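The model shown is predicted, which means the values in this text are computed figures rather than measured ones. Below, all heavy atoms of this structure are taken into account, side chains as well, without hydrogens, waters or symmetry copies.
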Number of protein chains: 2
Amino acid sequence: MPEGSTTGSVSRAGRPNDVRPPLDPVDRAILAELERDARIPNNALAERVGIAPSTCLTRVRALRERGVIRGFHADVDPAATGRPLQAMVSVRLQAAARRRMREFEEFVTSLPEVRDCFFLAGVDDYLLHVATADSAALRDFVVALNGREQIANTQTSLIFDHVRPRRGY
Amino acid sequence: MPEGSTTGSVSRAGRPNDVRPPLDPVDRAILAELERDARIPNNALAERVGIAPSTCLTRVRALRERGVIRGFHADVDPAATGRPLQAMVSVRLQAAARRRMREFEEFVTSLPEVRDCFFLAGVDDYLLHVATADSAALRDFVVALNGREQIANTQTSLIFDHVRPRRGY
DNA sequence: GGTGAAACGATTAGCAA
DNA sequence: TTGCTAATCGTTTCACC
(Lines give C-alpha, C1' and ligand atoms only; values in the text may rest on other atoms or scores of the structure.)
Protein backbone atom coordinates (compact mmCIF):
# COMPACT_ATOMS: atom_id res chain seq x y z
CA MET A 1 0.00 0.00 0.00
CA PRO A 2 1.81 3.14 -1.24
CA GLU A 3 1.57 5.84 1.37
CA GLY A 4 4.15 8.17 -0.04
CA SER A 5 3.24 10.75 -2.63
CA THR A 6 -0.07 9.87 -4.21
CA THR A 7 -2.31 10.46 -1.23
CA GLY A 8 -0.68 13.74 -0.41
CA SER A 9 -2.66 15.87 -2.77
CA VAL A 10 -6.00 14.98 -1.26
CA SER A 11 -5.23 13.97 2.28
CA ARG A 12 -6.33 16.17 5.10
CA ALA A 13 -2.93 16.39 6.74
CA GLY A 14 -4.13 15.17 10.07
CA ARG A 15 -3.93 11.53 10.96
CA PRO A 16 -1.63 9.43 8.83
CA ASN A 17 -3.15 6.23 10.22
CA ASP A 18 -6.72 7.29 9.62
CA VAL A 19 -8.59 4.09 8.82
CA ARG A 20 -11.99 5.78 9.10
CA PRO A 21 -12.74 7.63 5.92
CA PRO A 22 -15.95 9.62 6.20
CA LEU A 23 -19.19 8.00 5.11
CA ASP A 24 -20.22 9.08 1.64
CA PRO A 25 -23.87 9.38 0.55
CA VAL A 26 -23.90 5.82 -0.81
CA ASP A 27 -22.65 4.45 2.51
CA ARG A 28 -25.36 6.36 4.31
CA ALA A 29 -27.99 5.02 1.94
CA ILE A 30 -26.74 1.50 2.58
CA LEU A 31 -26.95 2.02 6.33
CA ALA A 32 -30.50 3.33 6.10
CA GLU A 33 -31.60 0.36 4.00
CA LEU A 34 -29.94 -2.24 6.22
CA GLU A 35 -31.37 -0.66 9.31
CA ARG A 36 -34.81 -0.87 7.74
CA ASP A 37 -34.32 -4.45 6.52
CA ALA A 38 -31.12 -6.28 7.37
CA ARG A 39 -32.04 -9.18 5.11
CA ILE A 40 -32.52 -7.32 1.86
CA PRO A 41 -30.68 -9.28 -0.87
CA ASN A 42 -27.44 -7.73 -1.97
CA ASN A 43 -28.80 -7.34 -5.50
CA ALA A 44 -31.81 -5.36 -4.37
CA LEU A 45 -29.71 -3.26 -2.01
CA ALA A 46 -27.28 -2.43 -4.81
CA GLU A 47 -30.11 -1.36 -7.08
CA ARG A 48 -31.72 0.80 -4.39
CA VAL A 49 -28.53 2.71 -3.68
CA GLY A 50 -27.49 2.86 -7.34
CA ILE A 51 -24.30 0.79 -7.52
CA ALA A 52 -23.28 -2.64 -8.85
CA PRO A 53 -23.86 -5.72 -6.67
CA SER A 54 -20.16 -6.50 -6.24
CA THR A 55 -19.41 -2.93 -5.22
CA CYS A 56 -22.29 -3.03 -2.80
CA LEU A 57 -20.94 -6.20 -1.24
CA THR A 58 -17.52 -4.63 -0.83
CA ARG A 59 -18.99 -1.57 0.84
CA VAL A 60 -21.16 -3.54 3.25
CA ARG A 61 -18.17 -5.65 4.25
CA ALA A 62 -16.09 -2.53 4.80
CA LEU A 63 -18.81 -0.98 6.95
CA ARG A 64 -18.82 -4.11 9.11
CA GLU A 65 -15.05 -4.24 9.41
CA ARG A 66 -14.88 -0.58 10.34
CA GLY A 67 -17.42 -1.16 13.07
CA VAL A 68 -20.01 1.17 11.55
CA ILE A 69 -22.34 -1.82 11.34
CA ARG A 70 -22.03 -3.66 14.64
CA GLY A 71 -24.26 -6.57 13.73
CA PHE A 72 -27.57 -7.76 12.38
CA HIS A 73 -30.34 -8.76 14.76
CA ALA A 74 -33.85 -10.14 14.53
CA ASP A 75 -36.44 -8.04 16.34
CA VAL A 76 -38.43 -10.56 18.39
CA ASP A 77 -41.78 -9.53 19.87
CA PRO A 78 -41.46 -9.98 23.65
CA ALA A 79 -45.18 -10.63 23.96
CA ALA A 80 -44.95 -13.56 21.56
CA THR A 81 -42.32 -15.21 23.73
CA GLY A 82 -44.31 -14.92 26.92
CA ARG A 83 -43.17 -11.50 28.17
CA PRO A 84 -45.94 -9.05 27.29
CA LEU A 85 -45.27 -6.66 30.15
CA GLN A 86 -42.42 -4.21 29.66
CA ALA A 87 -41.03 -1.67 32.11
CA MET A 88 -38.21 0.76 32.71
CA VAL A 89 -36.48 0.27 36.04
CA SER A 90 -34.10 2.99 37.16
CA VAL A 91 -31.55 1.90 39.74
CA ARG A 92 -29.48 3.91 42.18
CA LEU A 93 -26.59 2.11 43.79
CA GLN A 94 -25.32 2.54 47.32
CA ALA A 95 -22.43 5.00 47.29
CA ALA A 96 -20.09 2.27 48.51
CA ALA A 97 -21.19 -0.08 45.73
CA ARG A 98 -20.01 2.21 42.95
CA ARG A 99 -16.60 0.61 43.17
CA ARG A 100 -18.15 -2.67 42.02
CA MET A 101 -20.26 -1.50 39.12
CA ARG A 102 -18.84 -4.14 36.81
CA GLU A 103 -20.16 -6.78 39.13
CA PHE A 104 -23.61 -5.24 39.06
CA GLU A 105 -23.61 -5.00 35.29
CA GLU A 106 -22.70 -8.64 34.91
CA PHE A 107 -25.44 -9.57 37.31
CA VAL A 108 -28.25 -7.64 35.64
CA THR A 109 -27.25 -8.59 32.10
CA SER A 110 -27.48 -12.23 33.11
CA LEU A 111 -31.12 -11.85 34.11
CA PRO A 112 -33.55 -13.07 31.43
CA GLU A 113 -35.94 -10.18 32.05
CA VAL A 114 -33.38 -7.52 31.09
CA ARG A 115 -33.44 -6.37 27.45
CA ASP A 116 -31.13 -3.37 27.77
CA CYS A 117 -28.93 -1.93 30.49
CA PHE A 118 -27.97 1.76 30.26
CA PHE A 119 -25.24 3.13 32.50
CA LEU A 120 -26.22 6.75 33.17
CA ALA A 121 -24.75 10.00 34.37
CA GLY A 122 -27.47 11.54 36.46
CA VAL A 123 -29.41 11.00 39.61
CA ASP A 124 -29.72 7.30 38.79
CA ASP A 125 -26.88 4.96 37.94
CA TYR A 126 -28.67 2.51 35.66
CA LEU A 127 -31.76 2.25 33.58
CA LEU A 128 -33.00 -1.25 32.82
CA HIS A 129 -35.44 -2.08 30.06
CA VAL A 130 -37.14 -5.27 31.19
CA ALA A 131 -39.86 -7.59 29.86
CA THR A 132 -41.83 -9.96 32.07
CA ALA A 133 -44.75 -12.36 31.82
CA ASP A 134 -47.07 -10.36 34.08
CA SER A 135 -47.16 -7.91 36.93
CA ALA A 136 -46.36 -10.62 39.47
CA ALA A 137 -43.18 -11.49 37.59
CA LEU A 138 -42.27 -7.83 37.38
CA ARG A 139 -42.82 -7.43 41.10
CA ASP A 140 -40.64 -10.47 41.77
CA PHE A 141 -37.94 -9.00 39.57
CA VAL A 142 -37.97 -5.65 41.35
CA VAL A 143 -38.09 -7.29 44.77
CA ALA A 144 -35.11 -9.45 43.84
CA LEU A 145 -33.20 -6.37 42.70
CA ASN A 146 -33.95 -4.48 45.88
CA GLY A 147 -32.82 -7.49 47.87
CA ARG A 148 -29.23 -6.89 46.80
CA GLU A 149 -27.43 -4.72 49.29
CA GLN A 150 -25.60 -2.88 46.49
CA ILE A 151 -28.83 -1.16 45.54
CA ALA A 152 -30.03 2.01 47.26
CA ASN A 153 -33.38 2.20 45.51
CA THR A 154 -35.28 1.52 42.32
CA GLN A 155 -38.12 3.15 40.48
CA THR A 156 -40.31 1.31 38.00
CA SER A 157 -42.39 2.73 35.15
CA LEU A 158 -44.57 0.52 32.98
CA ILE A 159 -44.15 0.85 29.22
CA PHE A 160 -47.41 1.29 27.34
CA ASP A 161 -45.86 1.58 23.94
CA HIS A 162 -42.49 1.65 22.23
CA VAL A 163 -41.88 3.35 18.90
CA ARG A 164 -38.66 2.91 17.01
CA PRO A 165 -38.41 5.64 14.39
CA ARG A 166 -37.02 4.89 10.96
CA ARG A 167 -33.60 6.44 11.01
CA GLY A 168 -32.06 8.14 8.02
CA TYR A 169 -28.34 8.73 7.65
CA MET B 1 -39.40 -26.59 30.28
CA PRO B 2 -40.34 -29.95 28.79
CA GLU B 3 -43.02 -31.23 31.07
CA GLY B 4 -44.73 -33.68 28.79
CA SER B 5 -48.38 -32.85 28.37
CA THR B 6 -48.85 -30.58 31.34
CA THR B 7 -49.25 -27.44 29.25
CA GLY B 8 -52.74 -28.62 28.45
CA SER B 9 -53.89 -27.56 31.87
CA VAL B 10 -53.61 -23.94 30.93
CA SER B 11 -53.76 -23.45 27.17
CA ARG B 12 -56.57 -25.53 25.72
CA ALA B 13 -57.48 -25.91 22.09
CA GLY B 14 -60.49 -23.74 22.64
CA ARG B 15 -60.13 -21.61 19.52
CA PRO B 16 -60.51 -23.49 16.25
CA ASN B 17 -58.94 -20.58 14.35
CA ASP B 18 -55.99 -20.25 16.68
CA VAL B 19 -53.13 -19.25 14.42
CA ARG B 20 -50.70 -18.87 17.32
CA PRO B 21 -49.53 -22.29 18.36
CA PRO B 22 -47.07 -22.13 21.22
CA LEU B 23 -43.39 -21.87 20.40
CA ASP B 24 -41.65 -25.21 20.60
CA PRO B 25 -37.98 -25.57 21.64
CA VAL B 26 -36.83 -25.49 18.01
CA ASP B 27 -38.66 -22.22 17.41
CA ARG B 28 -37.03 -20.76 20.48
CA ALA B 29 -33.60 -21.89 19.32
CA ILE B 30 -34.24 -20.25 15.95
CA LEU B 31 -35.23 -16.99 17.66
CA ALA B 32 -32.11 -17.00 19.80
CA GLU B 33 -29.86 -17.57 16.80
CA LEU B 34 -31.53 -14.92 14.64
CA GLU B 35 -31.40 -12.42 17.43
CA ARG B 36 -27.69 -13.08 17.76
CA ASP B 37 -27.06 -12.96 14.00
CA ALA B 38 -29.94 -12.15 11.68
CA ARG B 39 -27.83 -12.93 8.61
CA ILE B 40 -26.84 -16.49 9.42
CA PRO B 41 -27.37 -18.62 6.28
CA ASN B 42 -30.40 -20.84 6.40
CA ASN B 43 -28.21 -23.94 6.09
CA ALA B 44 -26.13 -23.03 9.11
CA LEU B 45 -29.20 -22.08 11.10
CA ALA B 46 -30.86 -25.40 10.30
CA GLU B 47 -27.79 -27.31 11.39
CA ARG B 48 -27.50 -25.35 14.64
CA VAL B 49 -31.10 -26.05 15.63
CA GLY B 50 -31.06 -29.62 14.35
CA ILE B 51 -33.60 -29.62 11.50
CA ALA B 52 -33.48 -29.77 7.69
CA PRO B 53 -32.90 -26.52 5.77
CA SER B 54 -36.30 -26.53 4.11
CA THR B 55 -38.05 -27.05 7.42
CA CYS B 56 -36.00 -24.29 8.91
CA LEU B 57 -37.02 -21.93 6.12
CA THR B 58 -40.67 -22.80 6.67
CA ARG B 59 -40.40 -22.14 10.39
CA VAL B 60 -38.65 -18.81 9.98
CA ARG B 61 -41.27 -17.70 7.49
CA ALA B 62 -44.04 -18.79 9.87
CA LEU B 63 -42.42 -16.89 12.74
CA ARG B 64 -42.38 -13.77 10.60
CA GLU B 65 -45.98 -14.19 9.45
CA ARG B 66 -47.15 -14.76 13.01
CA GLY B 67 -45.43 -11.57 14.11
CA VAL B 68 -43.06 -13.33 16.48
CA ILE B 69 -40.20 -11.93 14.40
CA ARG B 70 -41.08 -8.32 13.68
CA GLY B 71 -38.14 -7.61 11.41
CA PHE B 72 -34.41 -7.76 10.87
CA HIS B 73 -32.31 -4.67 11.50
CA ALA B 74 -28.69 -3.66 11.19
CA ASP B 75 -27.19 -2.29 14.39
CA VAL B 76 -25.43 0.90 13.32
CA ASP B 77 -22.93 2.52 15.69
CA PRO B 78 -24.26 6.04 16.38
CA ALA B 79 -20.74 7.32 16.96
CA ALA B 80 -19.67 6.21 13.48
CA THR B 81 -22.44 8.25 11.92
CA GLY B 82 -21.57 11.43 13.75
CA ARG B 83 -23.68 11.04 16.90
CA PRO B 84 -21.33 9.90 19.67
CA LEU B 85 -23.28 11.47 22.53
CA GLN B 86 -26.31 9.53 23.74
CA ALA B 87 -28.84 10.51 26.38
CA MET B 88 -32.14 9.59 27.93
CA VAL B 89 -34.65 12.43 28.00
CA SER B 90 -37.77 11.96 30.10
CA VAL B 91 -40.68 14.16 29.16
CA ARG B 92 -43.75 15.20 31.10
CA LEU B 93 -46.57 16.74 29.09
CA GLN B 94 -48.89 19.50 30.19
CA ALA B 95 -52.08 17.95 31.55
CA ALA B 96 -54.06 19.60 28.77
CA ALA B 97 -51.72 18.18 26.10
CA ARG B 98 -52.47 14.57 26.99
CA ARG B 99 -55.38 14.64 24.60
CA ARG B 100 -52.94 15.15 21.74
CA MET B 101 -50.33 12.53 22.53
CA ARG B 102 -50.46 11.12 19.01
CA GLU B 103 -49.35 14.47 17.72
CA PHE B 104 -46.44 14.55 20.13
CA GLU B 105 -45.36 11.03 19.19
CA GLU B 106 -45.37 11.87 15.51
CA PHE B 107 -43.33 14.94 16.22
CA VAL B 108 -40.61 13.30 18.29
CA THR B 109 -40.30 10.24 16.06
CA SER B 110 -39.63 12.56 13.13
CA LEU B 111 -36.61 14.08 14.87
CA PRO B 112 -33.31 12.61 13.66
CA GLU B 113 -31.84 12.59 17.17
CA VAL B 114 -34.49 10.19 18.54
CA ARG B 115 -33.60 6.49 18.49
CA ASP B 116 -36.46 5.18 20.63
CA CYS B 117 -39.61 6.66 22.10
CA PHE B 118 -41.19 4.90 25.10
CA PHE B 119 -44.68 5.86 26.20
CA LEU B 120 -44.71 5.33 29.97
CA ALA B 121 -47.12 4.90 32.84
CA GLY B 122 -45.50 6.78 35.68
CA VAL B 123 -44.53 10.27 36.72
CA ASP B 124 -43.22 10.93 33.21
CA ASP B 125 -45.13 10.44 29.99
CA TYR B 126 -42.29 9.65 27.61
CA LEU B 127 -38.74 8.50 27.66
CA LEU B 128 -36.64 9.36 24.62
CA HIS B 129 -33.38 7.65 23.75
CA VAL B 130 -31.47 10.21 21.70
CA ALA B 131 -28.07 10.44 20.00
CA THR B 132 -26.39 13.73 19.10
CA ALA B 133 -23.11 14.99 17.71
CA ASP B 134 -22.01 16.77 20.90
CA SER B 135 -23.27 18.48 24.01
CA ALA B 136 -24.21 21.59 22.09
CA ALA B 137 -26.45 19.56 19.80
CA LEU B 138 -27.98 17.83 22.80
CA ARG B 139 -28.66 21.17 24.44
CA ASP B 140 -30.27 22.45 21.24
CA PHE B 141 -32.44 19.35 21.11
CA VAL B 142 -33.63 19.72 24.70
CA VAL B 143 -34.19 23.46 24.28
CA ALA B 144 -36.26 22.81 21.17
CA LEU B 145 -38.34 20.23 23.05
CA ASN B 146 -38.97 22.58 25.94
CA GLY B 147 -39.99 25.26 23.46
CA ARG B 148 -43.14 23.33 22.61
CA GLU B 149 -46.01 24.42 24.80
CA GLN B 150 -47.26 20.81 25.09
CA ILE B 151 -44.32 19.99 27.32
CA ALA B 152 -44.35 20.62 31.06
CA ASN B 153 -40.74 19.65 31.69
CA THR B 154 -37.89 17.40 30.68
CA GLN B 155 -35.02 15.71 32.44
CA THR B 156 -31.87 14.60 30.68
CA SER B 157 -29.36 11.92 31.70
CA LEU B 158 -26.24 11.22 29.68
CA ILE B 159 -25.60 7.60 28.71
CA PHE B 160 -22.10 6.42 29.51
CA ASP B 161 -22.60 2.90 28.29
CA HIS B 162 -25.24 0.64 26.83
CA VAL B 163 -25.17 -3.14 27.18
CA ARG B 164 -27.52 -5.32 25.22
CA PRO B 165 -27.58 -8.77 26.85
CA ARG B 166 -27.74 -11.85 24.66
CA ARG B 167 -31.24 -13.06 25.06
CA GLY B 168 -32.17 -16.70 25.22
CA TYR B 169 -35.67 -18.01 24.52
C1' DG C 1 -41.05 -32.92 8.63
C1' DG C 2 -37.36 -34.42 5.16
C1' DT C 3 -35.11 -34.95 0.20
C1' DG C 4 -33.31 -33.58 -4.14
C1' DA C 5 -33.17 -30.78 -8.42
C1' DA C 6 -33.86 -26.40 -10.47
C1' DA C 7 -33.82 -21.31 -9.74
C1' DC C 8 -31.85 -17.68 -7.63
C1' DG C 9 -28.55 -14.83 -5.23
C1' DA C 10 -23.71 -14.23 -3.42
C1' DT C 11 -19.01 -14.18 -4.23
C1' DT C 12 -14.58 -13.94 -6.54
C1' DA C 13 -11.28 -12.75 -10.21
C1' DG C 14 -10.08 -10.08 -13.80
C1' DC C 15 -10.91 -5.83 -16.47
C1' DA C 16 -12.12 -0.86 -17.39
C1' DA C 17 -12.45 3.93 -15.90
C1' DT D 1 -8.54 3.37 -6.24
C1' DT D 2 -13.15 2.29 -7.25
C1' DG D 3 -16.68 0.12 -9.82
C1' DC D 4 -18.26 -3.17 -13.42
C1' DT D 5 -18.79 -7.87 -15.97
C1' DA D 6 -18.97 -12.65 -16.06
C1' DA D 7 -18.18 -17.32 -14.22
C1' DT D 8 -18.30 -20.12 -9.95
C1' DC D 9 -20.15 -21.33 -5.81
C1' DG D 10 -23.54 -21.66 -2.23
C1' DT D 11 -28.38 -20.85 -0.82
C1' DT D 12 -33.25 -20.93 -1.37
C1' DT D 13 -37.21 -22.81 -3.23
C1' DC D 14 -40.64 -26.18 -4.66
C1' DA D 15 -42.49 -30.59 -6.08
C1' DC D 16 -42.59 -34.84 -4.09
C1' DC D 17 -41.77 -38.64 -0.44
Closest to the A/R61 side chain: C/dT12, D/dC4, C/dT11? C/dT12
Within this structure, what is the CG-to-C1' distance between A/D24 and D/dT2, rounded to whole angstrom? 11 Å
Side chain of A/P41 (C-beta onward), nearest among C/dT3, C/dG1, C/dG9: C/dG9
Nucleotide D/dG3, atom P - distance to CG of A/L45 in whole Å: 13 Å
Gap between atoms CD1 and P, on B/I40 and D/dG10 respectively (whole Å): 17 Å
Under 4.0 Å, counting only non-hydrogen atoms across every strand here, what does B/R39 touch: a base, just sugar-phosphate, or nothing? nothing
Charged N-O contact under 4.0 Å between B/D77 and A/R66: no
Output yes when a side-chain donor or acceptor of B/R166 lies under 3.5 Å from a complementary backbone atom of B/R36, and no otherwise. no
Less than 3.5 Å between a donor and an acceptor, one on the side chain of B/S54 and one on the base of C/dT3, is that the case here? yes
Whole angstrom value for the distance that separates P of D/dT11 from CZ of B/R48: 14 Å
What residue among B/Q94, B/R98, B/Q150 forms side chain to side chain donor-acceptor pair (under 3.5 Å) with B/D125? B/R98
Please determine whether a side-chain nitrogen or oxygen atom of B/N42 lies at a distance below 4.0 Å from atom OP1 or OP2 of D/dT12. yes
Is any side-chain N of the basic residue among B/R164 and A/D116 closer than 4.0 Å to the acidic one's carboxylate O? no
Is any side-chain nitrogen or oxygen of A/R59 closer than 4.0 Å to OP1 or OP2 of D/dT2? no
Can you identify which nucleotide, out of C/dT11, D/dT12, C/dA10, has its nearest atom closest to the A/L57 side chain? C/dT11
